[in-house]
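Working notes, beginning with the structure itself.
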Protein chains: 2
Amino acid sequence: MGDDVFRALADPTRRRILDELAERDGQSLFELCGRLATRHGLGLSRQAVSQHLAVLEAADLVRTRREGRYKFHDLNTAPLERILNRWLRPDVPGSTACGST
Amino acid sequence: MGDDVFRALADPTRRRILDELAERDGQSLFELCGRLATRHGLGLSRQAVSQHLAVLEAADLVRTRREGRYKFHDLNTAPLERILNRWLRPDVPGSTACGST
DNA sequence: ACCATAGGCAAGTGAATGCTTGCATGACAA
DNA sequence: TTGTCATGCAAGCATTCACTTGCCTATGGT
């Protein structure tokens, strides 16, 4: 476990998506496309962003909720908190649970 | 800055190398090869590990010091500490410095 | 000097990755 | 129902990446 998290964080575009969601939770796919374009200068297709979101969701870094035909995305920092302790604080209780990733 | 750090952490073998160095600093290339093989079951060539170490060193996650014909590797957690704050504590002073990575 | 040891450099290969293109699905409005 | 909007699925392409192979440098022991 945690493998998907590191892989998800490897791409700079996905990190910018996390930045966007950290600033404003609950954005839809098109909202993210627009903000990545206008604020970060990234001219990505809708599918490109969709695939990035799928990777982030698989890593549990992004939670989604459907409402009608919209799908809203929320940032989930729990996997990040679990990962830090691996090398930074190796003797915190619970940090050994992800030691074999 | 920080881009190399995420890329370096993306590979599971490199993460195991960091585990090894976290447990015992100052290992040489051959030492790491041996311990990755015996303790993690990874049958990697010397060059494979060497290239991984080069990536980790480029990301400043590993510091090296030469002594004679030996080259010892030490873990450096500073880049990790800088990265945490990006999404976990966005309002800590100094965390804005790596916001555009 | 000789040889073994520790490490470095560079080209080549197979697999994974990011992105595109095209078509399909489901929800809402007219 | 018909059309449109938001999203999903899948194949194809170009790049990147991890690993190997082969040769080279340098240090230390004998």
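Every chain is numbered from 1 and lettered A, B, ... according to where its sequence line falls, protein lines coming before strand lines. In what follows, every heavy atom counts, from backbone to side chain, and hydrogens, waters and symmetry copies are set aside.
Here B:Glu31 pairs with B:Arg24 in a salt bridge; the nearest charged N to carboxylate O distance falls below 4.0 Å.
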- Start with the C-alpha distance between B:Asp74 and B:Val62, add both sets of side-chain angles, then the distance that settles side chain to side chain contact (heavy atoms under 4.5 Å, CB included), and finish with yes or no. CA-CA 5 Å; B:Asp74 301 280; B:Val62 162; over 6 Å; no
Kindly determine whether B:Leu61 and B:Asn76 satisfy side chain to side chain contact (heavy atoms under 4.5 Å, CB included), including the steps that lead there. CA-CA 5 Å; B:Leu61 284 164; B:Asn76 180 30; 5.8 Å; no
Less than 3.5 Å apart, which donor and acceptor atoms pair up between the side chains of residues 42-55 of chain B and the rest of the protein, not counting sequence neighbours?
| unit_1 | atom_1 | unit_2 | atom_2 | d |
| --- | --- | --- | --- | --- |
| B:Ser45 | OG | B:Ala48 | N | 3.2 |
| B:His52 | ND1 | B:Arg14 | NH1 | 3.1 |

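With DNA chain C read from its 5' end, the first of the two nearest nucleotides for B:Ser50 and A:Val55 is the one closest to B:Ser50.
A donor-acceptor pair under 3.5 Å is formed between the side chain of B:Asp25 and the backbone N or O of B:Leu75.
Shown here for B:Asp60 and B:Arg63, the closest heavy-atom pair between the two residues is OD1-NE, 2.9 Å. The two residues A:Thr77 and B:Trp87 come nearest to each other via the heavy atoms CG2-O, 3.9 Å. When all heavy atoms of A:Ala59 and A:Pro79 are compared, the closest pair comes out as O-CG, 3.8 Å. Considering every non-hydrogen atom in both A:Arg16 and B:Arg86, the closest pair reads N-NH2, 4.4 Å.
One can place CG of A:Leu29 at 7 Å from P of D:dG8, the figure rounded to the nearest angstrom. If you measure from atom CD of A:Glu31 to atom C1' of D:dT7, you get 14 Å, rounded to the nearest angstrom. The separation between A:Arg65 atom CZ and D:dA6 atom C1' is 16 Å, rounded to whole Å.
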Atom pairs under 3.5 Å: protein N/O with N/O of nucleotides 27-30 of chain D:
| unit_1 | atom_1 | unit_2 | atom_2 | d |
| --- | --- | --- | --- | --- |
| D:dT27 | O2 | B:Arg69 | NH1 | 3.4 |
| D:dG28 | O4' | B:Arg69 | NE | 3.4 |

At a cut-off of 3.5 Å, list every protein nitrogen or oxygen paired with a nitrogen or oxygen from nucleotides 9-17 of chain D, distance to 0.1 Å.
| unit_1 | atom_1 | unit_2 | atom_2 | d |
| --- | --- | --- | --- | --- |
| D:dC17 | OP1 | B:Arg7 | NH1 | 3.3 |

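For the helix from C:dA1-D:dT30 to C:dA30-D:dT1, the terminal axes (five pairs an end, C1' atoms, rotation from four pairs onto the next four) enclose an angle of 20°, given to 10 degrees.
For the atom pair B:Arg7 CZ and A:Asp11 CG, the distance stands at 12.0 Å (nearest 0.5 Å). Expressed to the nearest 0.5 Å, how far CG of A:Asn85 lies from CG of B:Leu80 amounts to 11.5 Å.
Exactly one residue among A:His73, A:Arg39, A:Arg15 makes a side-chain hydrogen bond (donor to acceptor under 3.5 Å, both in side chains) with A:Glu20. That residue is A:Arg39.
Residue B:Phe72 belongs to a hydrophobic cluster whose other members are B:Tyr70, with links defined by side-chain heavy atoms closer than 4.5 Å.
First and last contacts of DNA chain C with chain A, using any nucleotide atom under 4.0 Å from a protein heavy atom and ordered 5' to 3', fall at C:dT17 to C:dC28.
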